[in-house]
Every structure is written in structure tokens, then in C-alpha cells.
Amino acid sequence: MPTIAAVTGHAAAGGFMLALGHDYILMRKDRGVLYMSELDIGLPLPEYFAVMFGEKLGSAAARRDVLLKATKIRAEEAVRMEIVDSAHDSGEKVVEAALALGERLALRKWRGDVYAAIRKSLYPGMCKQLGLISVSKL
């Protein structure tokens, strides 16, 4: 079934990855940033991070800014970069919007197995990295 991340503050490194693992990301615009700190703190990027960013961020410029410039991205900019689906005025508004979206999606009554299969087909590199599908099925 669809998953929704309600980001009400900073999402750095693993928190950013956790948000990216969802189908929808909603973010608070008055507080918090998305940020990959690895470059700034001198840590190499794990391969599965690179695979996730490669599959979830459609723009090469967005990947460059996030990973090779360590840009701290606020909500409205994240929407423009197509990383985040929507930006909201407060943490409470983010949670309200996430719940409303979840309720609308639940009304669709999609089959979970079909949704999961389609999601896996959208991100074959990540599924391979996580061992969710065999290499022969790619």
C-alpha cells in the first residue's frame, strides 16, 4: 500500500533516506531541511544510498545539489526540485495533510500485492540492492 512521510523537522542523512523510501513526502516549510551530511563530515556514501538517490531523484541537478554540494534544502525548494510532494505551514498541518492523503488513497481500495509489484518495477536497482527481487528478474 502507499506510504507517506510527514517530515515535521530536519531529515538529514538516514532521516532523508527514510523519507525517500516513501511514496509521498510532505514537509513543513517553516522549519527543517533535507540534508545529506556525508560530504561535509567526510564520510563516503554507502552504495545503497547512491542507488536510492539515483532512482528517487529524477534530476541530475537535484542529485548533484543534494550529494555533491551538501545543500540544505527547505520545503518549498524541495517541492520545486520534485523531491517533496507538498510543503505546509506547520508540523500540525503536515500531519493533517498526510492523514488526509492517506484517507483519500485508502478509498481507492487497491490490491496491496499489485501496488507492491508496480512499486518494485519502478525501483529495480533498489530492490536488487535490498535483495527483494532476483537479478534474473531485472
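Side chains included, hydrogens not; waters and symmetry mates left out as well; all remaining heavy atoms used.
Ala98 approaches Ala6 most closely through the heavy-atom pair CB-CB, 4.0 Å. Residues Asp30 and Ser90 come closest through the heavy atom pair OD1-CA, 3.8 Å. For the residue pair Val94 and Val7, the shortest heavy atom distance occurs at CG1-N, 3.9 Å. Closest non-hydrogen pair, Asp40 versus Ala70, comes out as OD2-CB, 3.5 Å. Residue Ser121 comes nearest to Ile118 through the heavy atom pair OG-O, 2.7 Å, listed as atom of the first residue, atom of the second, then distance. Taking both residues in full, the closest heavy atoms of Ala75 and Lys29 are given as CB-CA, 3.6 Å, listed atom of the first, atom of the second, then distance.
Distance NZ/Lys109 to CG/Leu107: 7.5 Å, rounded to 0.5 Å. In this structure, CE on Met126 lies 13.0 Å from NZ on Lys120, to the nearest 0.5 angstrom. Distance check: Arg63 CZ to Lys69 NZ gives 15.0 Å after rounding to the nearest 0.5 Å. If you take CG on Leu101 and CD1 on Ile4, they are separated by 4.0 Å, rounding to the nearest 0.5 Å. In this structure, Arg28 CZ and Arg74 CZ are separated by 10.5 Å, a value rounded to the nearest 0.5 Å. Within the model, atoms CZ of Arg80 and OG of Ser59 stand 13.5 Å from one another, a figure rounded to the nearest 0.5 Å.
Hydrophobic clustering of Ile, Leu, Val, Met, Phe, Trp and Tyr side chains at less than 4.5 Å, counting indirect connections, keeps Leu34 apart from Leu68. Connection of Val66 to Val51 is established within a shared hydrophobic cluster, with ILVMFWY side chains joined at heavy-atom distances below 4.5 Å, either directly or through further cluster members. Cluster membership for Leu67 and Leu43, using ILVMFWY side-chain heavy atoms within less than 4.5 angstrom, is not shared. The hydrophobic clustering, which links ILVMFWY residues whose side-chain heavy atoms are closer than 4.5 Å, places Met52 and Tyr48 together. Linking Ile, Leu, Val, Met, Phe, Trp and Tyr whenever their side-chain heavy atoms come within less than 4.5 Å leaves Val79 and Val95 in two separate clusters.
For the residue pair Ser86 and His88, a side-chain donor N or O sits within less than 3.5 Å of a side-chain acceptor on the partner.
No more than 12 heavy-atom neighbours from other residues, nucleotides or ligands sit within 6.0 angstrom of CD on Glu92. For Arg64, the CZ atom sits in a packed shell: over 12 heavy atoms of surrounding residues, nucleotides or ligands are nearer than 6.0 Å.
In this structure, Phe53 has its ring center closer than 6.0 angstrom to the ring center of Phe16.
Lys56 contributes a side-chain N or O that, together with a main-chain N or O of His22, makes up a donor-acceptor pair within less than 3.5 Å.
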Take Thr71 and Met36 through the test side chain to side chain contact (heavy atoms under 4.5 Å, CB included) and record every step on the way to the result. CA-CA 8 Å; Thr71 302; Met36 289 302 292; over 6 Å; no
Given the rule in the side chain to side chain contact (heavy atoms under 4.5 Å, CB included) test, do Met1 and Thr3 qualify, once you have shown the distances and angles that lead to the verdict? CA-CA 6 Å; Met1 302 304 346; Thr3 60; over 6 Å; no
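In this view, Pro2 and Asp23, Tyr24, Leu105, Trp110, Tyr115 satisfy the side chain to side chain contact (heavy atoms under 4.5 Å, CB included) rule, not counting sequence neighbours. For Ala12, the side chain to side chain contact (heavy atoms under 4.5 Å, CB included) partners two or more places apart in sequence, or in a different chain, are Tyr35.
Here the options are Val84, Ile83, Val33, the test is side chain to side chain contact (heavy atoms under 4.5 Å, CB included), and the partner is Ile73; only Ile83 passes.
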